[in-house]
Amino acid sequence: MTGILGSFNGRITGLVKASAAASGLQSVQVFTSSGTWNRPDGITKVMVEVKGAGGGGGAGASGNTHAGGGGGEGGMAIETIDVSGTASATVTIGAAGAAGASQGDGGDGGSSSFASFCSATGGKGGDAGASAGSGGTAAGGAGSGGDLNIAGAASSPSQRVSGLSFGQSGAGRGGGTGAKDGEVDFALKAAGNGGGGGGGADSGGNGGAGGVGYVLVKEYA
């Protein structure tokens, strides 16, 4: 497959259903912390985008040239749901993966979900730098239960060039690789929601925290 879907390098499974709402999009609700979605009057369908949290970057090792690896991106699930018989749904937002500190690994990102309809796991935390080698690649999370399920991108590992007195930190991945449109989606991407944290610099630098997950609910009459 070519084009946009092909650019995700096999990370996408499933197919988003076209919205059948004749009157179009009515409203949008965005959750960046856990809570409850309540169906507004007149809404019969929703398109839900669920994003797991990003993993934290690993810390660099002290006293040598090994930097930390970046954290993986959270997975994503997108689903169109008939909510004509659903008054409310529990929304769970994955917590950001903690930044690696004191030469430690980064924390894993938490999972997000929209009731039992669909969910997405968080990215893995990045490895700390070590005297025997550099921080490795951290896997991205995975979406499940959606019409479209997207695996989060893995981080890049840290690198060390033999004989040189520095190490290159591993880059975190993400901040939104799903289907995006409109100002709300752009704001979430710009804020780094669901993205992995960067690895810490060599000589003991701390890693960066991952981005918290989110749930975006587009509501149709």
**Item:** Nearest-0.5 Å distance, CE of residue Met47 to CG of residue Leu148
**Value:** 9.5 Å
**Prompt:** Is a side-chain donor or acceptor of Glu73 paired with a backbone partner of Gly152 at a separation under 3.5 angstrom?
**Reply:** no
**Message:** I need the Thr32 OG1 to Tyr214 OH distance, nearest 0.5 Å.
**Reply:** 11.5 Å
**Prompt:** Is there a side-chain contact between Val46 and Tyr220, using heavy atoms and a 4.5 Å cut-off?
**Reply:** no
**Request:** Go through the structure and list residues passing side-chain hydrogen bond (donor to acceptor under 3.5 Å, both in side chains) with Ser84, not counting sequence neighbours.
**Result:** Asp82
**Request:** Would you give the length of the straight line joining atom OG1 of Thr86 to atom CG of Asn38, rounded to the nearest 0.5 angstrom?
**Result:** 12.0 Å
**Message:** Applying side chain to side chain contact (heavy atoms under 4.5 Å, CB included), can you list everything that pairs with Ala59, at least two apart in sequence or on another chain?
**Reply:** none
**Message:** Among residues at least two apart in sequence or on other chains, which ones pass side-chain hydrogen bond (donor to acceptor under 3.5 Å, both in side chains) with Ser34?
**Reply:** none
Expected list for residues 90-105: side-chain donor-acceptor pairs under 3.5 angstrom, two or more places apart:
| unit_1 | atom_1 | unit_2 | atom_2 | d |
| --- | --- | --- | --- | --- |
| Gln103 | OE1 | Ser62 | N | 3.2 |
| Asp105 | OD1 | Ala128 | N | 2.8 |

**Asked** Do Phe31 and Trp37 make the cut of ring centroids closer than 6.0 angstrom?
**Response** no
**Message:** Show me the pairs that pass side-chain hydrogen bond (donor to acceptor under 3.5 Å, both in side chains) and involve residues 106-126, at least two apart or across chains.
**Reply:** Asp108-Lys124, Ser119-Ser144
**Prompt:** Quick check: does any side chain N or O of Lys51 sit under 3.5 Å from a backbone N or O of Gly74, one acting as donor and the other as acceptor?
**Reply:** yes
**Complete:** Of all heavy-atom pairs linking Ser155 and Gly71, the shortest is CB-O, 3.3 Å
**Item:** Shortest non-hydrogen contact from Gly70 toward Ala138
**Value:** O-CB, 3.4 Å
**Asked** Are side-chain heavy atoms of Asp147 and Thr80 found at a separation under 4.5 Å?
**Response** yes
**Request:** Taking Arg39 for its side chain and Thr44 for its backbone only, find out whether a donor-acceptor pair lies under 3.5 Å.
**Result:** no
**Complete:** In terms of heavy-atom contacts, Leu25 and Glu219 come closest through CD1-O, 3.5 Å
**Asked** With respect to Glu49, which candidate in Ile78, Val30, Ile150 satisfies the side chain to side chain contact (heavy atoms under 4.5 Å, CB included) definition?
**Response** Ile78
**Prompt:** Okay, side chain of Gln26, backbone of Gly24: is any donor-acceptor separation there less than 3.5 Å?
**Reply:** yes
**Request:** Go through the steps to decide whether Phe114 and Val217 satisfy the test side-chain contact (heavy atoms from CB on, under 4.5 Å), and finish with yes or no.
**Result:** CA-CA 9 Å; Phe114 186 75; Val217 186; 4.0 Å; yes
**Request:** For Ser33, enumerate each residue passing the side chain to side chain contact (heavy atoms under 4.5 Å, CB included) test, keeping only those at least two apart in sequence or located in another chain.
**Result:** none
